[in-house]
Amino acid sequence: MNLLQILILALVQGVTEFLPVSSSAHLVLAGQLLPWADQGLLMDVAVHGGSLIAVVFYFRRDLLSMLGGGESREFPPLAARTLAGWLALATIPLVIAGAVFAGLVATDLRRLEVIAWASIGFGLLLWLADAWSRRRPPDNRMSRNRALAIGLAQVLALI
């Protein structure tokens, strides 16, 4: 892999990570659209690591607050340390599913047909969630069940 490929993949990752689209799928698509061999999961993980560094830097005050036990700005009545616990709980389903389905994620879920159908399906889910949320008042309360639901939804991100 040459420097131009790395820069293009990093740019694709940076642009798509914070949009309601799959940045991982776009990395696969970039490799398919351009005459390159599949960059593989290692490169995908590397550019996602860059996104993680950016997110940690951006939310550094909130993360430090979680470690120190201060107040959360996003969920005011919730102690930041409690929010950190919910975050850890929400991560568990993804870690388990990632370990169990690692081979499937690395091979079958990187196929163009899977990416296309998953994009259509998740687009419809986003549309339904948007329509549903307009009928309900915002609710920022967090609970164990909500944290687990968020974690289970994140399992779908493996697709």
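The model shown is predicted, which means the values in this text are computed figures rather than measured ones.
Under the 4.5 angstrom side-chain criterion for Ile, Leu, Val, Met, Phe, Trp and Tyr, the cluster partners of W117 are I120, L124.
Interatomic distance, OG of S23 versus CG of L29, reported as 11.5 Å (0.5 Å rounding). Summarising the geometry, atom CD belonging to E113 is positioned 10.5 Å from atom CG belonging to D108; distances are rounded to the nearest 0.5 Å. Note that the CD atom of E17 and the OG atom of S22 stand 9.0 Å from one another [nearest 0.5 Å]. Expressed to the nearest 0.5 Å, how far CD of Q39 lies from CG of L27 amounts to 6.0 Å. F101 contributes atom CZ, which lies 9.0 Å from atom CG of L158 (distance to the nearest 0.5 angstrom).
In this structure, the side chains of Q154 and T91 stay at 4.5 Å or more apart for every pair of heavy atoms. In this structure, the side chains of V47 and S51 stay at 4.5 Å or more apart for every pair of heavy atoms.
Under the 4.5 Å side-chain heavy-atom criterion for Ile, Leu, Val, Met, Phe, Trp and Tyr, V45 and L9 are members of distinct hydrophobic clusters. Connection of V100 to I92 is established within a shared hydrophobic cluster, with ILVMFWY side chains joined at heavy-atom distances below 4.5 Å, either directly or through further cluster members. In the hydrophobic clustering of ILVMFWY residues, with side-chain heavy atoms under 4.5 Å counting as a link, L104 and L94 come out together. Tracing side-chain contacts under 4.5 Å through hydrophobic residues (I, L, V, M, F, W, Y), one never reaches V56 starting from I53; they form parts of separate clusters. Under the 4.5 Å side-chain contact rule for hydrophobic residues, M43 and L4 share a cluster.
Residue L42 qualifies as open at atom CG: its count of foreign heavy atoms under 6.0 Å is 12 or below. Around CZ of R136, the count of heavy atoms belonging to other residues, nucleotides or ligands within 6.0 Å does not exceed 12. The environment of CZ in R144 is sparse: at most 12 heavy-atom neighbours from other residues, nucleotides or ligands sit within 6.0 Å.
L34 pairs by the side-chain contact (heavy atoms from CB on, under 4.5 Å) definition with I8, W36, not counting sequence neighbours. In this structure, the side-chain hydrogen bond (donor to acceptor under 3.5 Å, both in side chains) partners of R134, at least two apart in sequence or on a different chain, are D130.
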Walk me through whether W86 and I150 qualify under side-chain contact (heavy atoms from CB on, under 4.5 Å). CA-CA 10 Å; W86 295 138; I150 290 168; over 6 Å; no
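Summarising the geometry of F122 relative to L156, their closest heavy-atom pair is CZ-O, 3.6 Å, with the distance given to 0.1 Å. A pairwise comparison of heavy atoms in A147 and A90 identifies O-CB, 3.2 Å as the closest pair.
Checked by atom type and distance alone, the side chain of Q5 pairs as donor or acceptor with a backbone atom of N2 at under 3.5 Å.
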